[in-house]
Every structure is written in C-alpha cells, then in structure tokens.
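Please read the structure below before turning to the comments.
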Amino acid sequence: GGTKGLGAQIAKHYAQRGASVALTYQHSREQAQQFCDYLSTVSDRVECVQNDVGSLTDCQKLKQYVEEKYGGIDRLYICAAQSPRKIEMYPENYPLFEKYLTQGVRMFYYPFFTLKESVKSGGKIIILSTIAMVDVISSYNLSEYICVKSVTENISECSFYKDKNDYQYFIARPSKMLTEMNNTPVGRIGAERPEHTAEKLVKTVEEEPETGRLFRLLEFDEG
C-alpha cells in the first residue's frame with residue numbers, strides 16, 4: 001500500500017534518503033505508475049510491484065522476489081487497508097460485517113506473516129492503524145472499520161510476544177489525516193497532511209536505537 005496517501009509519503013521519505021524502496025499496489029495502475037515515475041526523479045532505487053496483499057500466493061511471490069533481489073527487508077511497513085463500508089450493526093447484517101472483517105484482516109494477515117519472515121535481524125516492522133484518525137463523535141459510522149484495525153493491532157501484539165526473532169514492532173496510530181476517507185469540508189477540519197504525518201512517523205521509527213526486541217504503540221497528536 002505504498003502509492004497513495006500515507007504509504008506514498010513514507011515511501012517518498014525513504015527514497016529521498018537513498019534507501020532501496022519497493023512499493024506495492026493492487027488497483028489504479030496508472031496512478032501508481034505516475035507516482036513511481038515521480039519517485040524515479042528522486043531516486044533510481046525505487047520500484048512498484050503490482051500485488052494483491054489479500055492473496056497468499058501473491059504475498060509468497062513477493063517474498064521470494066524481495067529476498068532474491070534485496071536479500072531481505074530492513075523496514076516493513078504494512079499500509080494497505082480497505083475502505084470503510086458504514087455497515088449498520090444489527091443481526092440480519094452480520095453476513096456483510098463478517099465478509100468485511102474477513103477481507104480487512106486478510107489484507108493485513110497475509111503480507112504480515114509472509115513478509116516478516118524476510119525481515120533481517122534488528123529490522124523494524126511498522127503496522128499502520130488509522131483508528132485515531134476517526135473522529136470520536138462520528139466513530140459510530142465507522143464501527144466496522146475500527147473493528148478491523150483493532151483485530152490487526154491485537155494480532156500484531158500477540159505475534160510480537162510469541163516471536164523470538166530480534167525484531168522491533170511498531171503500531172502507528174496517526175492523528176486525523178487529510179485522505180480520501182475524510183476529504184470533505186467537515187473532514188478537513190483539524191486534519192493533518194499525510195506528508196507531515198509521514199515525517200513524524202519515520203523520524204520516530206528511525207530514532208529508536210536498534211537494540212534488541214521492542215514493541216511500541218505510537219500515537220501522534222494533531223499539528
């Protein structure tokens with residue numbers, strides 16, 4: 001999920017600093033290519049890979065590819081997410097909720113458990129959880145979205161305590177951002193631009209000394 005929104009700004013940040021960056025996208029091929037063409041003017045060490053993170057086969061192919069080309073991963077950012085559906089919560093609607101929840105968790109589960117095997121010793125795994133960008137007052141309209149993010153956070157934390165590898169885990173909860181989700185007159189109020197959020201996030205992650213196992217929940221205030 002590296003060609004739009006916060007994921008794209010994170011990729012841009014690392015590309016500008018000379019890192020080899022592999023971005024994944026599933027849809028919007030033209031838009032993704034335009035972004036990668038732009039990044040290629042910043043660095044010649046960036047590539048876009050079309051990949052369905054909801055497919056185990058695709059994630060396994062991606063794992064093999066990055067290991068063969070790069071020898072492993074130093075920073076794994078899990079950014080992909082499905083859009084909110086605003087599903088009304090009542091018994092008859094459970095099949096819709098179950099389908100949404102399953103799809104959302106799958107988009108995290110497959111890339112997380114497949115690609116983290118390629119993270120090098122001392123590497124860092126960052127899971128983007130946009131729970132905090134939802135207004136508390138209107139959060140009842142996005143309860144299904146919050147449920148997915150809550151599950152992914154819990155899976156991440158449980159995985160850390162079970163994992164014996166020398167990894168650092170970060171769950172990042174950005175503040176309200178100006179994205180496609182809240183790009184409305186009301187939604188823009190108090191929303192931070194993704195590039196500002198990316199700068200704060202990457203700075204926090206990179207300033208953490210690479211000394212042993214670590215689990216951190218990062219919450220960013222507005223401004």
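Hydrogens, waters and symmetry mates are skipped; everything else that's a heavy atom, side chains included, is used. These figures come from a predicted structure and were not determined experimentally.
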**Asked** Can you tell me if R29 and Y25 form a side-chain donor-acceptor pair at under 3.5 Å?
**Response** yes
**Request:** Rounded to the nearest 0.5 Å, what's the gap from OH on Y14 to CD on E206? Could you check?
**Result:** 3.5 Å
**Request:** Start with the C-alpha distance between L115 and V119, add both sets of side-chain angles, then the distance that settles side-chain contact (heavy atoms from CB on, under 4.5 Å), and finish with yes or no.
**Result:** CA-CA 7 Å; L115 295 175; V119 176; over 6 Å; no
**Asked** Just wondering, do L201 and P174 contact through their side chains at under 4.5 Å, heavy atoms?
**Response** no
**Asked** Excluding sequence neighbours, so at least two apart, what forms side chain to side chain donor-acceptor pair (under 3.5 Å) with Q60?
**Response** none
**Message:** Assess the residue pair E47 and K69 against the criterion (salt bridge (charged side-chain N to carboxylate O under 4.0 Å, His left out)); give the C-alpha distance rounded to whole Å, side-chain angles, the decisive distance to 0.1 Å, and a yes or no.
**Reply:** CA-CA 12 Å; E47 67 173 319; K69 183 166 184 177; 3.3 Å; yes
**Item:** Verdict with reasoning, F113 to S159, per side-chain contact (heavy atoms from CB on, under 4.5 Å)
**Value:** CA-CA 9 Å; F113 283 105; S159 177; 3.8 Å; yes
**Item:** Step-by-step salt bridge (charged side-chain N to carboxylate O under 4.0 Å, His left out) determination, R75 to E210
**Value:** CA-CA 12 Å; R75 304 288 184 268; E210 296 182 9; 2.7 Å; yes
**Complete:** dist M107:CE -> Q26:CD (nearest 0.5 Å) comes out at 6.5 Å
**Asked** Is any side-chain N of the basic residue among K124 and E208 closer than 4.0 Å to the acidic one's carboxylate O?
**Response** no
**Item:** R45 (side chain) donor-acceptor with G18 (main chain) under 3.5 angstrom
**Value:** yes
**Item:** Spacing of E117 atom CD and I73 atom CD1 [to the nearest 0.5 Å]
**Value:** 10.5 Å
**Prompt:** How far apart are the C-alpha atoms of I127 and E153, what are their side-chain angles, what is the distance that settles it, and do they pass the side-chain contact (heavy atoms from CB on, under 4.5 Å) test?
**Reply:** CA-CA 8 Å; I127 296 95; E153 285 191 9; 6.0 Å; no
**Prompt:** Using the ring of each side chain (for Trp, its six-membered ring), is F215 parallel, tilted or perpendicular to Y161, with breaks at 30° and 60°?
**Reply:** tilted
**Asked** Closest approach of I87 and S143, non-hydrogen atoms and distance?
**Response** O-OG, 4.4 Å
**Request:** Answer yes or no: is there a side-chain heavy-atom contact under 4.5 Å between L23 and F35?
**Result:** yes
**Item:** Evaluation steps, side-chain contact (heavy atoms from CB on, under 4.5 Å), between K12 and L39
**Value:** CA-CA 7 Å; K12 178 182 176 182; L39 280 190; 4.0 Å; yes
**Message:** What's the separation between atom CG in D58 and atom NZ in K63, rounded to the nearest 0.5 Å?
**Reply:** 15.0 Å
